[in-house]
Amino acid sequence: MKIASWNVNSIKVRLPNLLQWLDEFSPDIVMLQETKCVEDAFPRLELEAAGYHCAVVGQKAYNGVALLSRQPIEEVLTVLPGDPEDQQARYLEATIGDLRVASIYLPNGNPAPGEKFNYKLAWMERLQARARELLSLEQPIVLGGDWNVIPEPVDCHDPEAWRDDALFRPESRAAFRTILHLGYTDAYRALNPDTTHAYTFWDYQAGAWQRDNGIRIDHLLLSPQAADRLAEAGIDREPRGRERASDHTPVWCRLRDR
DNA sequence: ATGGTTGTTCCACAA
């Protein structure tokens with residue numbers, strides 16, 4: 001069972017890249033972020049033709065997350081609980097087979113400090129509460145997505161350049177650790193404890209890709225029942241080097257069948 | 001320190 005997460009930065013622009021990658025990589029489940037379209041504009045027919053069920057939550061122009069799955073998608077939750085005022089399409093949770101999965105697009109939070117940073121931290125509090133609730137299911141869970149958090153200095157090319165950024169500030173990193181400490185496992189880091197230059201995002205600007213000036217901000221967090229089945233984890237850099245690439249590349253893991 | 005890029009939308013904003 002291959003599970004991947006990819007911030008595609010517009011599903012409309014990236015559909016050819018996505019279809020090519022689905023064909024080559026053949027994941028069973030994909031969490032998508034920054035689809036940047038309303039539900040009705042999501043290219044459901046093309047993805048179904050490629051063999052995937054779709055669940056989508058979207059809004060105009062910004063945000064938007066989706067789940068793709070070879071198996072049917074059930075018991076869908078389209079909002080992160082905890083704030084009825086929050087209108088941003090950033091969370092989609094569902095049951096697929098014996099798994100509970102979520103596609104997460106965590107707020108960027110810049111500039112920090114400020115309102116956007118406050119929103120990020122409040123959103124992380126809500127996510128932590130939901131992550132704790134989910135653990136009581138005692139089920140394999142995968143919380144995957146663009147977490148917009150650089151967990152450790154080793155997860156960026158130049159820590160000094162990111163020091164005051166919302167993705168690397170102590171508050172963001174602490175909130176991420178708090179979720180890990182509930183009992184979740186960072187799939188990539190668990191199986192690649194010493195790997196450096198393992199990035200999932202390279203800015204479009206200033207030749208960041210060519211200079212490998214990247215950051216690791218896309219993560220798959222596993223509940224204990226999922227971590228027990230973790231067989232492989234990696235980052236597929238190939239899509240980032242293609243024509244019309246997203247600024248993110250997919251992160252993935254493989255869980256053993258039970 | 002600055003500027004560099006991409007996407008969506010409407011003449012900026014988000015990343």
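Proteins get letters first, then strands, A, B, ... in listed order; numbering begins at 1 in each.
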- Query: Taking the six-membered ring of A:Tyr52, is the NZ or CZ of A:Arg70 close enough (under 6.0 Å from the centre) and on axis enough (within 45°)?
  - Reply: yes
- Query: With sugar-phosphate meaning primed atoms plus P, OP1 and OP2, does A:Tyr105 contact a base, only sugar-phosphate, or nothing at under 4.0 Å between heavy atoms?
  - Reply: sugar-phosphate
- Would you call A:Arg189 and A:Glu152 a salt bridge, taking side-chain N to carboxylate O under 4.0 Å as the test? no
- Please figure out whether A:Tyr204 or A:Gln88 has its closest DNA chain B nucleotide nearer the 5' end. A:Tyr204
- Query: Which value, in whole Å, describes the distance between the P atoms of nucleotides B:dT9 and B:dT5?
  - Reply: 22 Å
- Message: Please tell me whether A:Lys116 and A:Asn108 have a donor and an acceptor in their side chains that are separated by less than 3.5 angstrom.
- Response: no
- Scan A:Arg14 against the nucleic acid and name what it touches under 4.0 Å (heavy atoms): base, sugar-phosphate only, or nothing. sugar-phosphate
- Take the angle between the ring planes of A:His157 and A:Tyr199 and call it parallel below 30°, perpendicular above 60°, tilted in between. perpendicular
- At under 4.0 Å between heavy atoms, what does A:Arg90 touch on the DNA or RNA strands: base, sugar-phosphate, or nothing? sugar-phosphate
- On a whole-Å scale, what distance lies between the C1' atoms belonging to B:dG3 and B:dA15? 16 Å
- A:Asn7 vs A:Ala245, nearer the 5' end of DNA chain B by closest nucleotide: A:Ala245
- Return the set of residues passing ring pair (Phe, Tyr, Trp, His ring centres under 6.0 Å) with A:Trp209 (not counting sequence neighbours), or none when no residue passes. A:Trp202
- Task: Could you work out the complete set of other residues in the hydrophobic cluster of A:Phe117, with links drawn between I, L, V, M, F, W and Y side chains under 4.5 Å apart?
- Result: A:Leu121
- Query: When you list every nucleotide of DNA chain B with an atom under 4.0 Å from a heavy atom of chain A, which one comes first 5' to 3', and which comes last?
  - Reply: B:dG4 to B:dA15
- C1' atoms of B:dG4 and B:dC10, separation to the nearest Å: 24 Å
